[in-house]
Amino acid sequence: EVQLVETGGGSVQAGGSLRLSCTASGSTYRRICMGWFRQAAGKEREGVATIYTTTGSTSYADSVKGRFTISQNGAKNTLFLQMNNLKPEDTAMYYCAAGDYAGSLCLSAEMRRFANWGQGTQVAVSS
């Protein structure tokens with residue numbers, strides 16, 4: 001239905017920046033809600049940022065507000081996560097996800113609302 005491929009991960013020093021990309025294909029309806037999640041070693045997966053693609057509304061985890069920005073291209077087939085002022089605690093595998101929930105249900109960033117997931121891209125931030 002929906003295929004997601006993340007790129008852009010890597011290693012960076014604290015204070016640096018990275019930009020993640022997620023190329024999406026398949027059902028447009030099934031990806032009206034897009035998000036970035038991350039999972040650090042030994043921890044549960046958590047929501048980072050979501051975007052309701054119909055309106056462009058976004059939501060962020062408190063831990064990344066003011067540092068990360070989620071966006072999409074005009075064709076709505078590529079999702080971005082601009083990560084600035086990275087911290088060691090941002091080290092994790094980052095996943096792109098897509099779902100068909102709208103509005104506030106999308107922006108709640110609950111993982112169960114995202115049916116399609118990418119394979120992930122690793123981000124490592126050193127101090």
Side-chain angles (χ1 to χ4, degrees):
E1 291 185 330
V2 176
Q3 294 77 43
L4 303 169
V5 179
E6 305 100 329
T7 57
S11 298
V12 65
Q13 290 191 327
S17 298
L18 283 173
R19 189 192 198 201
L20 306 184
S21 298
C22 172
T23 302
S25 59
S27 170
T28 302
Y29 176 75
R30 295 296 181 190
R31 47 185 170 94
I32 60 172
C33 179
M34 300 286 290
W36 289 99
F37 293 78
R38 66 185 181 186
Q39 187 168 18
K43 295 187 177 181
E44 293 185 353
R45 193 171 297 189
E46 63 177 359
V48 175
T50 56
I51 184 168
Y52 177 41
T53 64
T54 302
T55 62
S57 297
T58 59
S59 66
Y60 295 91
D62 288 343
S63 59
V64 307
K65 282 180 181 177
R67 300 188 299 122
F68 291 11
T69 302
I70 188 171
S71 62
Q72 57 182 337
N73 67 344
K76 298 183 181 180
N77 58 9
T78 304
L79 184 72
F80 303 102
L81 185 67
Q82 178 67 43
M83 305 186 294
N84 298 328
N85 191 22
L86 282 160
K87 303 176 180 180
E89 52 263 43
D90 294 319
T91 296
M93 184 73 78
Y94 283 72
Y95 298 90
C96 174
D100 56 10
Y101 284 85
S104 59
L105 294 178
C106 166
L107 300 176
S108 69
E110 294 181 53
M111 285 187 290
R112 61 188 178 94
R113 303 193 191 280
F114 293 82
N116 298 281
W117 293 79
Q119 82 288 351
T121 185
Q122 182 68 43
V123 171
V125 184
S126 59
S127 58

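In what follows, residues are counted from 1 in the order of the sequence shown.
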Item to complete: Kindly work out whether a path of hydrophobic side-chain contacts (I/L/V/M/F/W/Y, heavy atoms less than 4.5 Å apart) joins W36 to V64.
Response: yes
Fill in: Listed once per pair and sorted, the disulfide (SG to SG under 2.5 Å) pairs that draw on residues 98-127, sequence neighbours left out
C33-C106
Worksheet item: Within a strict 4.5 Å, meaning less than it, do heavy atoms of the V2 and Y29 side chains meet?
Response: no
Worksheet item: Under 3.5 Å, side chain of R31 to main-chain N/O of K76, donor-acceptor pair present?
Response: yes
Worksheet item: Does atom CD of Q119 have more than 12 heavy-atom neighbours from other groups under 6.0 Å away?
Response: yes
Worksheet item: Taking the side chain as C-beta and beyond, is there a heavy-atom pair between F80 and T69 under 4.5 Å?
Response: no
Worksheet item: So, does T53 use its side chain to make a donor-acceptor pair with the main chain of I32 at under 3.5 Å?
Response: yes
Discussion item. Is it the case that the side chain of Y52 and the backbone of S59 share a donor-acceptor pair, with hydrogens and angles ignored and the cut-off at 3.5 Å?
Written reply: no
Worksheet item: Looking only at atom types and distance, does a side-chain atom of Q122 sit under 3.5 Å from a main-chain N or O of A92, one as donor and one as acceptor?
Response: yes
Worksheet item: Under 4.5 Å between any side-chain heavy atoms of Q72 and M34, yes or no?
Response: no
Discussion item. Taking salt bridge (charged side-chain N to carboxylate O under 4.0 Å, His left out) as the definition, give me every residue that meets it alongside R38, ordered by chain and number, with sequence neighbours left out.
Written reply: E46, D90
Fill in: Sidechain-backbone polar pair: T121 side chain, T7 backbone, donor-acceptor under 3.5 Å
no
Worksheet entry | From Q13 atom CD to S127 atom OG, the distance as rounded to the nearest 0.5 Å | 9.0 Å
Worksheet item: What pair of heavy atoms forms the shortest contact from A109 to T50, and how long is it?
Response: CB-CG2, 3.6 Å
Fill in: Non-hydrogen atoms of G8 and L18 that approach each other most closely
O-CD2, 4.0 Å
Worksheet item: Would you say R67's side chain and N85's backbone share a donor-acceptor pair under 3.5 angstrom?
Response: yes
Worksheet item: Just wondering, do Y94 and M83 contact through their side chains at under 4.5 Å, heavy atoms?
Response: yes
Worksheet item: Which atom names give the shortest non-hydrogen contact between L79 and S71, and what distance separates them?
Response: CD1-O, 3.4 Å
Worksheet, complete the sentence: Smallest heavy-atom separation, S57 atom then T55 atom, equals OG-OG1, 2.9 Å
Discussion item. I want to check something: taking the side chain as every heavy atom from C-beta on, are E6 and L20 in contact at a cut-off of under 4.5 Å?
Written reply: no
Practice prompt. Check the pair L86, F68 against side chain to side chain contact (heavy atoms under 4.5 Å, CB included), reporting the backbone distance first and the verdict last.
Written response: CA-CA 9 Å; L86 282 160; F68 291 11; 3.8 Å; yes
Worksheet item: According to the interplanar angle, ranging from 0 to 90°, do the rings of W117 and Y95 count as parallel (below 30°), tilted (30 to 60°) or perpendicular (above 60°)?
Response: perpendicular
Worksheet entry | Smallest separation among heavy atoms of P88 and A14, with atom names | CD-CB, 4.1 Å
Worksheet item: Is it the case that one hydrophobic cluster holds both L107 and F114, taking links as side-chain heavy atoms less than 4.5 Å apart, direct or via other members?
Response: no
Worksheet item: Which heavy atom of L4 sits nearest a heavy atom of N116, and at what distance?
Response: CD1-O, 3.4 Å
Practice prompt. Please round to the nearest 0.5 Å and tell me the distance separating atom OG of S25 and atom CD of E1.
Written response: 12.0 Å
Worksheet item: Distance from D100 atom CG to R113 atom CZ, nearest 0.5 Å?
Response: 10.5 Å
